[in-house]
Every structure is written in structure tokens, then in C-alpha cells.
Amino acid sequence: MERAQPVGVFDSGVGGLTVVKEIIKRLPCENIIYIGDTANVPYGGKPPQELIRLGKNIIDFLINQGAKAVVAACNTSSSVSIPILRDMCPVPVIDVIVPGAANAAAVTRNGRVGVIATEATVKTGAYTRHIKALSPGISVYEVACPRFVPLVEQGVLEGDEVEEVANEYLQPLRRQGVDTLVIGCTHYPFLIPVIQKVMGKGVRLVDPAEETASRLRATLLERGLDNPGTTSPQYRFFATGSSESFFRVGKLLPEIDIRKVTTLKLERGIWEG
């Protein structure tokens, strides 16, 4: 394994780009390969076996591209498929659930934590399990927000429709008196201004992307795989379906500078693009 080999990052769509942004901040010399499974977005309502199959295909692609580590920049994959696929992977796999849970447990003041995520993530109870493992006395309230991901993929990030949907999902958490809210899907940070407005300034929002990037950095340093780099890093982007959302949402992340997205198709077990 060479230090210049890329870090592989994947998500169901463009949400994982929020994790890529944080990786670039903390590891500015790393080469990155990102794949958004836009042909199958959203992941939230899919059964576990399908999520495992999709995750395995994508991880296999990233390993074949030389990835020295893989970041599952998707809470749904992190909670459903990664616990099964991690042991099959020859390189370190970083998820977003554990870092987000650790941060939430550390910053809550009143011991009441809310989590917004996809239906699949909420069904696993992964955030509740990990937060309570760290601090059993914390009360955790998880709410599925299935309409958020399609809105982000369509580039609808503000306006009456978004506020109406946010109010519908978030009011139960306000009634529970949570003082900390985990943004439990990497698509949702694009909606943070609306989410914060609905929840109020007194509620701390936890974005697992920041801690995930820190854990990736620690893992690479520990294994001697960090890239000290003397040349400009290369970022390669792939989509399994439409790439329009990459350019639409990418404008909000100037650190990444998306200029080209290669379309991939899985034909008879072989990736073609």
C-alpha cells in the first residue's frame, strides 16, 4: 500500500460531498475517488439485502481503483451494510455513525438528543445504540425524514416547500426538548439553515462529517498511509446514474471544484464507464 493511493468515498448521491469537503480540510494532500450511486438514490427505503449488494459492488469498485481506505459517507450504508461488509474489506472502512454518536454524547447538556435520518437508518436504531453505549442516561429520539434526500438531489434547498417539510419532521423533536440534533444523513447538511431555523438557536446541530474526516485522518496516520504530498491532489467523481445533481449541488462546495463526473454502469458484474 502506497501513501499516494486515493481514499475512496461513496454515498447514494451527492450528500457524501459534505464529507469530502471535510476530508479536504483535514487532509489536503489526499487523492480522492468519489462515487455517488445516483441510479439507486435514495437508499433510505431499500431492504437490507439490497443495500448490502449495492455497498459491496461499490466497495469492490473503489478497491479496484486502488483505494487505501474507504469512507462510507452514507448513514444508511453505515448502519445497515457496513457492519457486514467491513470484515470482507482489505482496507480500513470508516463509517459516519460512530463519529456522529460520539460527538452528540459529548456535547449534549440536558441529555436529550434528537437524530434525523433516513427510514433505514432509524429502523436499525444505530444512533441510539451507539450514543447509549457511551452514556446510558441519554434519551435519544430518532425521526425519519424521507423527503429530505429527494429535495437535496433536486437542488431544492430553501423556500416554502422545504420549510413545510422541515416543520413536519422536526416539531416532534422540539416537543421532546432536545438540545442536540444529529444530522444523521450526509444529504441533510445542505438544509442546515432551514433545520436550525425550525429547531431554534439553542439547539446544537451535530454534523458527523467533521468527526468522520478526523477519524479518517487518525486511521491513515496510525497506519502510515497519510499522503504528505508535494503535488496537487486529484479528485475523481463517478455517478451510476444522472450526474446533474453533482454540478447543481457542487456549486455550494467551492472547495471541491467538480469539473467532470464519469458515468458508471455495472454490466454482468463488471463496471463500465
Side-chain angles (χ1 to χ4, degrees), residues 1-37 58-59 61-75 77-78 82 86 89-100 102-103 106-107 152 157 183 185-190 192-193 205-239 243 245-262 264:
M1 195 77 68
E2 296 181 4
R3 288 184 164 189
Q5 288 178 237
V7 171
V9 184
F10 77 92
D11 184 36
S12 62
V14 296
L17 294 173
T18 58
V19 177
V20 172
K21 180 187 76 170
E22 296 300 329
I23 292 173
I24 291 172
K25 281 184 183 178
R26 289 161 178 76
L27 294 161
C29 296
E30 295 296 339
N31 299 306
I32 297 172
I33 298 175
Y34 180 91
I35 179 167
D37 193 10
I58 290 172
I59 290 175
F61 169 79
L62 292 171
I63 297 300
N64 288 335
Q65 293 292 311
K68 62 185 177 183
V70 171
V71 178
C74 172
N75 284 264
S77 295
S78 293
I82 294 306
R86 178 178 273 120
C89 191
V91 301
V93 178
I94 312 296
D95 68 78
V96 290
I97 298 283
V98 174
N103 197 354
V107 302
V152 172
L157 308 179
I183 309 299
C185 173
T186 50
H187 280 75
Y188 298 179
F190 291 105
I192 278 179
L205 302 188
V206 172
D207 181 0
E210 300 171 4
E211 188 63 27
T212 298
S214 294
R215 294 218 173 188
L216 171 64
R217 182 176 183 275
T219 298
L220 295 180
L221 286 170
E222 179 184 332
R223 296 178 180 237
L225 292 176
D226 58 304
N227 186 9
T230 55
T231 59
S232 298
Q234 294 184 347
Y235 306 141
R236 299 166 61 199
F237 301 94
F238 297 88
S243 60
S245 56
F246 277 75
F247 298 106
R248 186 165 51 235
V249 174
K251 293 178 182 177
L252 304 175
L253 303 169
E255 305 94 334
I256 300 178
D257 189 22
I258 300 173
R259 300 184 182 184
K260 178 183 177 182
V261 179
T262 301
L264 290 173

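Quick note: residue numbers are just sequence positions, from 1. Keep in mind that the numbers below use all heavy atoms, side chains included, and drop hydrogens, waters and symmetry copies.
Side-chain atoms of Gln65 and Arg236, non-hydrogen and from C-beta on, do get closer than 4.5 Å to each other. You'll find the side chain of Pro233 stays beyond 4.5 Å of the side chain of Ile32, heavy atoms only.
Applying the side-chain contact (heavy atoms from CB on, under 4.5 Å) test to Gln234 and every residue at least two apart in sequence or in another chain returns Asn31. A search for side chain to side chain donor-acceptor pair (under 3.5 Å) contacts involving Arg3 returns nothing, not counting sequence neighbours.
The heavy-atom pair separating Ser12 from His187 by the smallest distance is OG-CE1, 3.5 Å. Taking all atoms of both residues into account, the shortest heavy-atom contact from Ala67 to Gly8 is CB-N, 3.8 Å.
Across Val96, Val93, Ile94, a single residue satisfies side-chain contact (heavy atoms from CB on, under 4.5 Å) together with Ser78, and that is Val96.
Heavy-atom neighbours of Arg248 CZ from other residues, nucleotides or ligands within 6.0 Å: above the threshold of 12.
Taking 4.0 Å as the cut-off between side-chain N and carboxylate O, Glu30 and Lys68 count as a salt-bridged pair.
Remark: the backbone N or O of Val98 is paired with a side-chain donor or acceptor of Asp95 at under 3.5 angstrom. No donor-acceptor pair under 3.5 Å is formed between the side chain of Glu210 and the backbone N or O of Asp207.
Note on ring orientation: taking the six-membered ring where Trp is involved, the planes of Phe237 and Tyr34 are tilted (angle from 30° to 60°).
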Donor-acceptor pairs under 3.5 Å, side chain of residues 16-24 to any protein atom, not counting sequence neighbours: which ones?
from: Thr18; atom 1: OG1; to: Gly15; atom 2: O; distance (Å): 2.8
from: Thr18; atom 1: OG1; to: Thr186; atom 2: O; distance (Å): 3.1
from: Glu22; atom 1: OE1; to: Arg26; atom 2: NH1; distance (Å): 2.7

